[in-house]
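Each chain gets a letter, A, B and so on, in the order the sequences are listed, and its residues count up from 1.
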2 protein chains.
Amino acid sequence: MSFPVPQHDHGACIRGAMDAAESACRMQGARLTPIRRRVLELVWENHQPVGAYALLETLAKEGWSAAPPTVYRALDFLLRHGLVHRIALQNAFVGCSHPGEPHAGAFLLCSHCGAAAELADLSVDRAIAEAAARNGFSVTRQTIEVEGLCPACRAGGAGR
Amino acid sequence: MSFPVPQHDHGACIRGAMDAAESACRMQGARLTPIRRRVLELVWENHQPVGAYALLETLAKEGWSAAPPTVYRALDFLLRHGLVHRIALQNAFVGCSHPGEPHAGAFLLCSHCGAAAELADLSVDRAIAEAAARNGFSVTRQTIEVEGLCPACRAGGAGR
DNA sequence: ACCGATATGTTATAATGTAACAGGCGCTGG
DNA sequence: CCAGCGCCTGTTACATTATAACATATCGGT
Ligand SMILES: [Zn+2]
Ligand SMILES: [Zn+2]
Ligand SMILES: [Zn+2]
Ligand SMILES: [Zn+2]
């Protein structure tokens with residue numbers, strides 16, 4: 001998965017993510033309740049990380065009973081079941097591009113437009129595993145967040 | 001730089017870090033004022049990331065005038081001059097093991113004892129740069145934080 | 001229908017981080 | 001000397017992110 005191209009059909013993109021989530025939850029015997037489902041949809045609304053309080057505000061406008069624990073619990077569920085990732089650099093959350101297989105996730109974050117793309121590249125994981133092993137360290141989880149300019153913003157002249 | 005061994009002389013370790021900081025600041029024409037110096041010492045107190053409010057509390061006990069901006073400003077200075085790194089996963093700060101050359105920093109974080117080690121391994125940087133390039137992404141900064149068990153804690157049986 | 005487990009509602013508060021402005025200190029040019 | 005300027009610090013107030021704790025509701029199996 002990489003950055004969405006301009007002609008990208010985002011409706012289909014969201015439907016795909018929701019279908020994948022449904023099936024992942026069925027597989028794991030997890031309950032994708034209405035509020036969890038809605039939070040996941042909102043996280044997928046655009047290809048950018050979303051803050052918990054932004055989600056909260058949207059939910060409130062939509063008439064949900066909304067207090068911080070509401071959204072944090074939903075996010076916690078989605079994290080535990082590998083449906084979203086947390087971007088530590090931004091205290092924000094983004095949809096997982098390939099749920100099903102638990103994985104750490106590595107992200108490219110555009111400083112100009114805010115877009116996030118999940119990097120499905122094992123060479124990075126491998127380099128980390130090897131470097132850790134050389135230091136006698138056994139890895140359980142890794143966080144990789146790379147800031148820079150996405151292809152569109154480079155073309156647009158954002159960085160020059 | 002890796003995890004400190006048991007017979008590690010931490011006094012010398014701190015002195016070395018402070019000397020390196022002095023010289024880096026002289027080089028850059030930056031002023032390592034008493035409060036900045038003290039914050040850096042406190043960050044180096046052990047080989048674990050320290051939170052801003054923990055630093056604040058210590059400073060207060062030592063009689064400094066201490067409000068959040070005090071410590072955040074010192075940390076900001078130390079970050080800008082490459083003397084500390086911020087650990088995004090923990091909202092905490094840790095001393096830089098090789099100041100002088102600006103670099104992103106990659107960290108091994110032990111989940112058991114809390115120790116942090118800065119990875120000076122270019123293979124990870126290279127893998128990331130290559131993966132980013134394949135996606136048409138130009139990197140400006142990267143955050144790599146690897147959680148797991150350090151050699152000592154593995155030996156101690158923490159993970160079994 | 002009942003029960004235990006899970007999910008949600010609600011209130012309050014903790015933890016982390018910034019904005020904004022006032023005052024001080026040290027250098028530099030007159 | 002001293003006026004002006006830049007940087008550093010003090011102080012107050014506030015913004016943002018996250019969790020604790022307890023009450024209530026809902027689901028699913030018996
Ligand atoms: Zn899309
Ligand atoms: Zn962009
Ligand atoms: Zn040491
Ligand atoms: Zn350890």
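- Looking at A:Arg15 and A:Asp19, no side-chain N of the basic residue comes within less than 4.0 Å of a carboxylate O on the acidic one, giving no salt bridge.
- Across the protein-nucleic acid pair, B:Gln90 atom CD and C:dG17 atom P stand 12 Å apart, rounded to whole Å.
- Only A:Pro68, A:Pro69, listed by number, bring a heavy atom of residues 54-69 of chain A to less than 4.0 angstrom from any atom of DNA chain D.
- For the pair A:Tyr53 and A:Ala30, both in contact range of DNA chain C, the more 5′-proximal nearest nucleotide belongs to A:Ala30.
- Of all nucleotides in DNA chain D having an atom under 4.0 Å from a heavy atom of chain B, the first and last in 5' to 3' order are D:dC7 to D:dT12.
- For the pair B:Trp44/B:Leu42, no side-chain contact is recorded, criterion being any heavy-atom separation below 4.5 Å from C-beta on.
- A donor atom on one side chain and an acceptor atom on the other are found under 3.5 Å apart for B:His103 and B:Glu118.
- Looking at residues two or more places apart in sequence or on another chain, you find no salt bridge (charged side-chain N to carboxylate O under 4.0 Å, His left out) involving A:Asp125.
- Between B:Ile144 and B:Leu119, every side-chain heavy-atom pair lies at or beyond the 4.5 Å cut-off.
- Proximity of B:Leu55 to B:Tyr53: side-chain heavy atoms (C-beta onward) are nowhere separated by under 4.5 Å.
- Counting only heavy atoms from C-beta outward, the side chains of B:Val94 and B:Val50 never approach each other to under 4.5 Å.
- Note on B:Asn91: a side-chain N or O is less than 4.0 Å away from OP1 or OP2 of C:dG17.
- Atom CZ of A:Arg73 is separated from atom C1' of C:dT8 by 6 Å (rounded to the nearest Å).
- For the segment residues 34-42 of chain B, residues with any heavy atom less than 4.0 angstrom from an atom of DNA chain D are, sorted by number, B:Ile35, B:Arg36.
- For the pair A:Phe93 and B:Thr70, both in contact range of DNA chain D, the more 5′-proximal nearest nucleotide belongs to B:Thr70.
- Following rounding to the nearest Å, B:Asp76 (CG) and C:dA19 (P) show an atom-to-atom distance of 11 Å.
- By the 30° and 60° cut-offs, the orientation of the rings of A:His8 relative to A:His10 is tilted.
- Within the model, atoms OG1 of B:Thr143 and CD of A:Glu147 stand 5.5 Å from one another, a figure rounded to the nearest 0.5 Å.
- Summarising the geometry, the separation between NE2 on A:His81 and P on C:dT6 is reported as 11 Å, rounded to the nearest angstrom.
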For a quick test of your reading: what N or O donor-acceptor pairs under 3.5 Å do the side chains of residues 64-74 of chain B make, sequence neighbours left out?
unit_1: B:Trp64; atom_1: NE1; unit_2: B:Glu62; atom_2: OE1; d: 3.3
unit_1: B:Thr70; atom_1: OG1; unit_2: B:Ala67; atom_2: N; d: 3.3
unit_1: B:Thr70; atom_1: OG1; unit_2: B:Ala67; atom_2: O; d: 3.0

Which atom pairs, one a donor and one an acceptor, fall under 3.5 Å between side chains of residues 20-28 of chain B and the rest of the protein, sequence neighbours left out?
unit_1: B:Glu22; atom_1: OE2; unit_2: B:Arg37; atom_2: NE; d: 3.1
unit_1: B:Glu22; atom_1: OE2; unit_2: B:Arg37; atom_2: NH2; d: 2.3

